> 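Below is a structure I'd like to ask you about.
Owing to the predicted nature of the structure, the values given are computational and were not obtained by experimental measurement. We count ligands from 1, going down the list as the structure has it; atoms in each ligand are counted the same way.
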Amino acid sequence: MQHLKDLEDLIRTIPDYPRPGIMFRDITTLLADPKGLKKAIKSMAKPFEDEKVDAVVGIEARGFILGGAIADRLECGFIPIRKKGKLPWKTIGQEYTLEYGVDVIEIHEDAIEKGWRVLIVDDLIATGGTAEAAVKLVRRSGGTIVGATFIVDLPDLGGMKRLGALDIQSHALVAFGGH
Ligand code: AMP
């Protein structure tokens, strides 16, 4: 994995948010920096520039900001995955496990055409539960995953390994130890 020190320095860490023991990696400070934002988008898209990508799928909400810009770079469309109940048309949903309980994310049932090559985008991968649910939604929609791209990886939580076990090639720009 590449580790971009200048991007790391633009990410704000908020200890004990939203719960004691969590180090929240806040990318809003990076998004607000013109050079940082441009570099993050370029670097996230780069591994996929020579691939055929039919659509970028972004995960609510920070995945929308990054995913839209990456789709523009890769000259393909953007498809949102949202929390249950937010999309206006017919959806398919996928449950995933959180630390306490379960959650559901959804995609429009007609968003992905059979055989489309799809890139998954989010700001951060921790346990990989959210990204795995996104992978399942894309595959159930008939799409093939080209890869997954993130700004931040928390390797101690094993998300990228989990995606590897699903045969997904994933990339991140910065890694932070711990939770
Ligand atoms: P996970 O499903 O465990 O991989 O969690 C990934 C999702 O939760 C992403 O959409 C992140 O934005 C958010 N998230 C999880 N842990 C953190 C953290 N330490 N700092 C910021 N966002 C986080």
Side-chain angles (χ1 to χ4, degrees), residues 1 3-5 7-33 36-37 40-41 43-45 55-71 78-87 91-107 111 118-140 145 147-179:
M1 189 190 76
H3 192 98
L4 302 172
K5 181 80 179 87
L7 291 187
E8 178 185 326
D9 292 342
L10 287 169
I11 297 167
R12 172 166 54 194
T13 296
I14 305 167
D16 299 319
Y17 180 87
R19 289 193 308 279
I22 304 286
M23 299 286 272
F24 191 85
R25 308 298 178 175
D26 173 21
I27 63 148
T28 62
T29 40
L30 186 159
L31 296 177
D33 184 273
L37 176 62
I41 297 299
S43 310
M44 289 176 86
V56 165
V57 161
I59 304 173
E60 184 172 359
R62 281 157 288 185
F64 291 177
I65 303 161
L66 302 165
I70 291 168
F78 174 82
I79 296 167
I81 282 185
R82 300 204 64 180
K83 297 273 166 62
K84 189 177 169 60
K86 300 276 190 174
L87 286 169
T91 58
I92 48 177
Q94 181 68 48
E95 219 175 71
Y96 62 104
T97 312
L98 302 169
E99 205 175 334
Y100 306 101
V102 291
D103 215 339
V104 176
I105 52 172
E106 296 179 332
I107 193 168
V118 171
L119 173 63
I120 292 177
V121 174
D122 203 358
D123 67 326
L124 179 146
I125 181 159
T127 66
T130 314
E132 182 176 346
V135 165
K136 287 181 179 164
L137 280 180
V138 170
R139 287 183 171 163
R140 284 171 56 202
I145 318 267
T149 190
F150 306 91
I151 296 179
V152 179
D153 177 30
L154 305 182
D156 296 342
L157 297 182
M160 281 214 182
K161 280 202 187 123
R162 193 164 167 180
L163 291 190
L166 294 169
D167 232 6
I168 308 292
Q169 179 206 2
S170 41
H171 289 264
L173 309 181
V174 167
F176 290 104
H179 288 223

> Report yes or no: does T13 contribute a side-chain atom to a donor-acceptor pair with the main-chain N or O of M23 at less than 3.5 Å?
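No, the answer is negative, given that no donor and acceptor are paired below the 3.5 Å cut-off.
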
> Do G128 and ligand 1 have an N or O pair less than 3.5 Å apart?
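In this structure, G128 places an N or O atom under 3.5 Å from an N or O of ligand 1.
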
> Does a side-chain heavy-atom distance below 4.5 Å link I151 with L7?
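With C-beta onward as the side chain, the pair stays apart.
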
> Do the side chain of E60 and the main chain of K83 share a donor and acceptor less than 3.5 angstrom apart?
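A pair under 3.5 Å: yes.
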
> Is any side-chain heavy atom of D123 closer than 4.5 Å to a side-chain heavy atom of V152?
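D123 vs V152: side chains apart.
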
> Which residue and non-hydrogen atom of the protein lie closest to atom 10 (O) of ligand 1, and at what distance in Å?
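Minimum-distance protein heavy atom for atom 10 (O) of ligand 1 reads D122 OD2, 2.8 Å.
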
> Starting from atom 19 (N) of ligand 1, locate the nearest protein heavy atom and write down its residue, its atom name and how far away it is, to 0.1 Å.
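Answer for atom 19 (N) of ligand 1: M23 O, 3.0 Å.
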
> Run the side-chain donor-acceptor check on residues 154-167: report pairs under 3.5 Å with partners two or more places apart or on a different chain.
from	atom 1	to	atom 2	distance (Å)
D156	OD2	G178	N	2.6
R162	NE	E132	OE1	2.5
R162	NH1	T127	O	3.1
R162	NH2	E132	OE1	3.1

> For atom 8 (O) of ligand 1, is there a protein heavy atom at a distance under 4.0 Å?
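No; the ligand atom in question lacks any protein heavy-atom contact below 4.0 Å.
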
> Nearest 0.5 angstrom please: F150 CZ to I120 CD1, how far?
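Rounded to the nearest 0.5 Å, the CZ-CD1 separation comes to 7.5 Å.
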
> When you measure from the side chain of T91 to the backbone of E106, do you find a donor-acceptor pair of N or O atoms at a distance under 3.5 Å?
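Not confirmed, T91 side chain does not pair with E106 backbone.
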
> Quick one: does I22 get an N or O within less than 3.5 Å of an N or O on ligand 1?
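Not met; the criterion fails.
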
> For R140, which residues count as a side-chain hydrogen bond (donor to acceptor under 3.5 Å, both in side chains) partner, sequence neighbours excluded?
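Scan of R140 (side-chain hydrogen bond (donor to acceptor under 3.5 Å, both in side chains), adjacent residues dropped) gives Q94.
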
> Between T130 and ligand 1, find which residue part has any heavy-atom pair under 4.0 Å and reply side chain, backbone, both or neither.
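The part of T130 near ligand 1 is both the backbone and the side chain.
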
> Counting only heavy atoms not in Y17, do more than 12 sit closer than 6.0 Å to its OH atom?
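Atom OH in Y17 is not crowded, with 12 or fewer foreign heavy atoms closer than 6.0 Å.
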
> Is A126 close to ligand 1, meaning an N/O of one under 3.5 Å from an N/O of the other?
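So ligand 1 has an N or O lying under 3.5 Å from an N or O of A126.
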
> Looking only at protein heavy atoms, which one is nearest to atom 21 (C) of ligand 1, and how far off is it?
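Atom 21 (C) of ligand 1 sits closest to the protein heavy atom F24 CE1, 3.3 Å.
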
> Please tell me if the side chains of I70 and I41 come closer than 4.5 Å, counting only heavy atoms from C-beta onward.
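Counting from C-beta outward, I70 and I41 do come under 4.5 Å.
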
> What protein heavy atom lies closest to atom 14 (N) of ligand 1? Include the residue and the distance to one decimal.
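Protein heavy atom at minimum distance: L124 CD2, 3.6 Å.
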
> Got the closest protein heavy atom to atom 11 (C) of ligand 1, with its distance?
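The answer is D123 OD1, 3.6 Å.
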
> Strictly under 4.0 Å, does any heavy atom of A131 approach an atom of ligand 1?
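The answer is no, since A131 has no heavy atom less than 4.0 Å from ligand 1.
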
> Near L154, which atoms of ligand 1 are under 4.0 Å from a heavy atom of that residue?
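So the atoms of ligand 1 that pass are 19 (N).
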
> What part of R62, side chain, backbone, both or neither, has a heavy atom within less than 4.0 angstrom of ligand 1?
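Looking at R62 and ligand 1, just side chain atoms fall under 4.0 Å.
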
> Short N/O distance, under 3.5 Å, between R25 and ligand 1?
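Yes.
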
> How far is atom 3 (O) of ligand 1 from the closest protein heavy atom, and which atom is that?
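In this structure, atom 3 (O) of ligand 1 has T127 OG1, 2.5 Å as its nearest protein heavy atom.
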
